[in-house]
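Written out below as structure tokens is the structure these notes cover.
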Amino acid sequence: MDTTVRVRFAPSPTGFLHIGGARTALFNWLYARHTGGCFILRIEDTDLARNTREAVDVILDGLRWLGLDWDEGPATSDPAGPSKGDRGPYFQSMRSSVYARRVQELLSKGYAYEHEGAIKFKMQREPVTINDLIVGEVKRELTDREAEDPDFVIVRSDGQPVFHFSNVVDDLEMGVTHVIRGEDHLSNTAKHIVMFRAFGVEPPKYAHIPLILNPDGTKMSKRDKGALLSVYQEQGYAPEAVVNYLCLLGWSPKDNREIIPLEEIVARFDLPQIVRHNARFDMAKLLWMSGEYFRLMSNDRFYELATEALTKSGLNVQSFPDSYVRAAIETCKGKLKTLSELPVYAGFYFTDEVTYDPEAAARLFTPQNIGRLAGLREAFAGLASFTAPELESRLKTMAAQLGVKPSELVHPLRLACTGKTIGPSLYHLIEILGRDRVLARLDRALAWAESRSK
RNA sequence: GACCCUAUCGUCUAGUGGUUAGGACACCACCCUUUCACGGUGGCGGCCCGGGUUCGAAUCCCGGUAGGGUCGCCA
């Protein structure tokens with residue numbers, strides 16, 4: 001008997017990927033990788049009017065961004081296109097014959113009947129016991145409404161199967177062994193279990209994971225800030241951080257660590273350790289983690305992500321020598337929490353149009369400081385080697401001669417070179433900009449002050 | 001309304017009958033420092049309430065309360 005674990009993520013292409021859905025996908029993926037099983041991606045696109053290829057791409061792109069690769073499922077967003085795996089098609093819109101066959105089976109077995117053009121499933125009235133791997137044993141009784149009419153529609157009068165039915169049929173046909181999904185499906189699981197039995201098979205194992213809530217504890221819907229995975233993609237969070245953070249929402253390594261390599265999470269992840277209560281989404285912690293990941297990441301990877309972000313922001317990074325770009329970007333590594341901060345933080349490297357922070361200019365470009373800047377300009381012009389250590393010692397020498405703290409010179413100098421009061425290490429940034437640019441920028445600052453004094 | 005799940009600092013969590021209830025984010029203070037960030041040190045802050053069980057409950061049981069979910073020809 002084949003005991004390979006088969007799990008699936010079965011999103012509906014609605015045009016967005018909810019952060020809770022992303023975590024459901026992640027937990028399924030983790031369980032598949034942990035057990036050496038198979039992770040299936042199935043697109044539940046039964047709502048034809050609403051589903052588009054773009055909506056499917058949102059899901060595929062989101063999963064790829066997170067690094068969650070699927071062993072079976074669509075290769076593209078085209079329902080009729082290529083796929084991986086031999087249990088397809090993996091788009092529900094392509095599986096109508098399967099549903100028709102399975103409806104027929106229930107009909108002939110007497111588990112379903114036609115009613116006003118629709119087909120309803122004969123649901124049992126007795127309580128159904130769910131043995132959930134996370135929640136434990138749940139005895140689900142009928143609600144008062146259900147008690148009035150326990151049967152439910154599985155095929156609409158227009159011939160379209162409803163979610164509960166197609167979902168169960170596909171899990172059955174695709175050999176899904178573990179259904180890991182949001183707790184919002186726990187109550188419905190009774191229906192699913194009874195349908196599996198009607199088909200004459202044992203239902204899969206169920207694992208209902210707690211939900212992700214807003215910071216205020218209310219349900220997180222598309223409308224809420226931070227509810228969509230796309231915001232983290234667009235804001236330039238480190239995808240590794242999003243994955244790591246999501247792992248920690250409902251699961252814990254229990255050893256007080258937070259930053260954990262994925263391989264290790266894969267090795268240690270298991271269903272029973274998942275907590276049972278809902279979690280509120282803490283953007284601040286994710287932001288912190290994103291910063292940590294950027295700091296820890298290799299220079300090559302950061303360079304890759306950073307150039308992409310800079311280019312996207314409109315900076316003409318390509319026109320600079322690669323060695324220059326690399327050096328510039330490395331001075332920013334570990335200083336930012338998201339890539340979206342990068343254009344503002346490092347833009348001065350890639351444009352000579354330095355605009356001075358008005359408040360800082362008023363405070364720092366005083367006549368006295370401008371005089372000192374002029375002195376610094378001459379000193380830098382005459383430097384034998386234009387390197388960070390040389391620049392630092394030259395500046396400190398001058399500060400000593402003037403009898404002031406180095407910071408008295410540093411702040412105006414930074415403003416002249418970058419237009420800002422914050423940024424990468426000053427001496428390194430100056431070295432990378434190079435003598436020509438730096439002298440030009442000092443001249444500009446001097447001219448700026450000159451024009452202001454008139 | 002009925003049914004189901006849950007309940008430890010503001011947030012994420014460790015904790016499974018005996019702990020000064022631990023860690024992380026956030027926040028505050030100080031240190032480091034060319035800015036910012038990082039790092040370091042310290043601080044603030046918690047077992048929802050009420051009954052049991054027990055020599056002893058955050059931990060077990062019951063009841064409240066609160067939050068979440070489900071009862072669709074939505075998914």
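We name chains A, B, ... by the order of the sequence lines, and we start the count at 1 in each one.
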- For nucleotides 28-47 of chain B, 5' to 3', base contacts (B), sugar-phosphate-only contacts (S) and non-contacts (-) with protein non-hydrogen atoms under 4.0 Å give ------BBBSSS--------
- Note on the structure: Counting primed atoms, P, OP1 and OP2 as sugar-phosphate and everything else as base, the B/S/- map of nucleotides 10-15 of chain B against protein heavy atoms under 4.0 Å is -BBSSS
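Ring-centre distance between A:Phe9 and A:Trp29: not below the 6.0 Å cut-off. Checked against the 6.0 Å centroid threshold, A:Phe269 and A:Phe27 count as a close aromatic pair. Aromatic rings from A:Tyr245 and A:Phe281 are positioned such that their centres are separated by under 6.0 Å.
For the residue pair A:Glu390 and A:Thr387, no side-chain donor N or O sits within less than 3.5 Å of a side-chain acceptor on the partner.
No donor-acceptor distance shorter than 3.5 angstrom exists from the side chain of A:Arg377 to the backbone of A:Leu373, with no hydrogens or angles considered.
Between the P atom of B:G72 and the CG atom of A:Leu142 lies a distance of 11 Å, rounded to the nearest Å. If you take CD1 of A:Ile134 and P of B:G68, they are 21 Å apart, rounded to a whole angstrom. For the pair A:Leu286 CG and B:A26 C1', the interatomic distance rounds to 14 Å; values are reported in whole Å. Going from atom CD of A:Glu146 over to atom C1' of B:G72 covers 11 Å, rounded to whole Å. To the nearest angstrom, P of B:U6 lies 15 Å from CG of A:Leu213. Here B:G72 presents its C1' atom at 15 Å from CG of A:Asp151, a figure rounded to the nearest Å. With rounding to whole Å, A:Asp144 atom CG is found 8 Å from B:C3 atom P. Rounded to whole Å, atom C1' of B:C73 lies 14 Å from atom CZ of A:Phe165.
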Which protein N or O atoms sit under 3.5 Å from an N or O of nucleotides 61-65 of chain B?
none

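Nearest-nucleotide positions on RNA chain B place A:Ala284 closer to the 5' end than the other of A:Ala284 and A:Gln92. Where A:Thr218 and A:Ser157 each meet RNA chain B at their nearest nucleotide, the meeting point lying more 5' is that of A:Thr218.
With both pairing distances under 3.5 Å, B:C32 is matched to nothing as a Watson-Crick or G-U wobble pair. B:A7: Watson-Crick or G-U partner is B:U65, with both key distances under 3.5 Å. Base pairing of B:A2: its partner is B:U70, meeting the Watson-Crick or G-U wobble criterion (both donor-acceptor distances under 3.5 Å). Judged by Watson-Crick or G-U wobble contacts below 3.5 Å, the nucleotide B:C47 has no partner.
Salt-bridge check for A:Asp216 with A:Arg280: failed, with every basic side-chain N at 4.0 Å or more from each acidic carboxylate O. The pair A:Lys333-A:Glu330 does not meet the salt-bridge criterion, since no charged nitrogen lies less than 4.0 angstrom from a carboxylate oxygen. A salt bridge is absent between A:Arg101 and A:Glu105; no separation between the charged side-chain nitrogens and carboxylate oxygens falls under 4.0 Å. Between A:Arg87 and A:Asp170 there is no salt bridge, since no side-chain N of the basic residue sits under 4.0 Å from a carboxylate O of the acidic one.
Taking the six-membered ring where the residue is Trp, A:Phe165 and A:Phe199 present tilted rings, their angle falling between 30° and 60°. By the 30° and 60° cut-offs, the orientation of the rings of A:His208 relative to A:Tyr206 is parallel.
Looking at A:Arg42, A:Arg95, A:Glu72 one by one, the single match for side-chain hydrogen bond (donor to acceptor under 3.5 Å, both in side chains) with A:Tyr90 turns out to be A:Glu72.
The residue A:Lys405 sits apart from the nucleic acid: no heavy atom pair falls under 4.0 Å. Within the 4.0 angstrom heavy-atom criterion, no nucleotide atom of any strand lies near A:His208. Using a 4.0 Å heavy-atom criterion, one finds that A:Lys420 contacts no nucleic acid atom at all.
Contact annotation: A:Arg140 side-chain N/O to B:G69 OP1/OP2 distance is not under 4.0 Å.
Using atom P as the reference point in both B:C48 and B:G22, the two lie 16 Å apart (nearest Å). Using P as the reference atom, B:C49 and B:C25 are 28 Å apart when rounded to the nearest Å. Here the separation of B:G45 from B:G23, taken at their C1' atoms, is 14 Å to the nearest Å. Spacing of C1' atoms, B:G1 relative to B:U59, comes out at 35 Å, to the nearest Å. For B:G63 and B:G43, the P atoms lie 42 Å apart once the distance is rounded to whole Å. For B:A24 and B:G40, the P atoms lie 9 Å apart once the distance is rounded to whole Å. Between B:A57 and B:G52, the two C1' atoms lie 12 Å apart (nearest whole Å). Nucleotides B:C12 and B:U6 have their C1' atoms positioned 16 Å apart, rounded to a whole Å.
Because its NZ or CZ atom is not both nearer than 6.0 Å to the ring centre of A:Phe365 and within 45° of the ring axis, A:Arg363 does not count as a cation-pi partner of that residue.
For B:C71, its base never sits under 3.5 Å from the side chain of A:Ser187 at any donor and acceptor pair.
Considering only side-chain atoms of A:Arg156, the nucleotide from B:C73, B:G1, B:U70 that sits closest is B:C73. The side chain of A:Val138 has B:C4 as its nearest neighbour among B:A2, B:C4, B:C73.
Here the straight-line distance linking atom CG of A:Leu17 with atom CD1 of A:Ile59 works out to 6.5 Å at 0.5 Å rounding.
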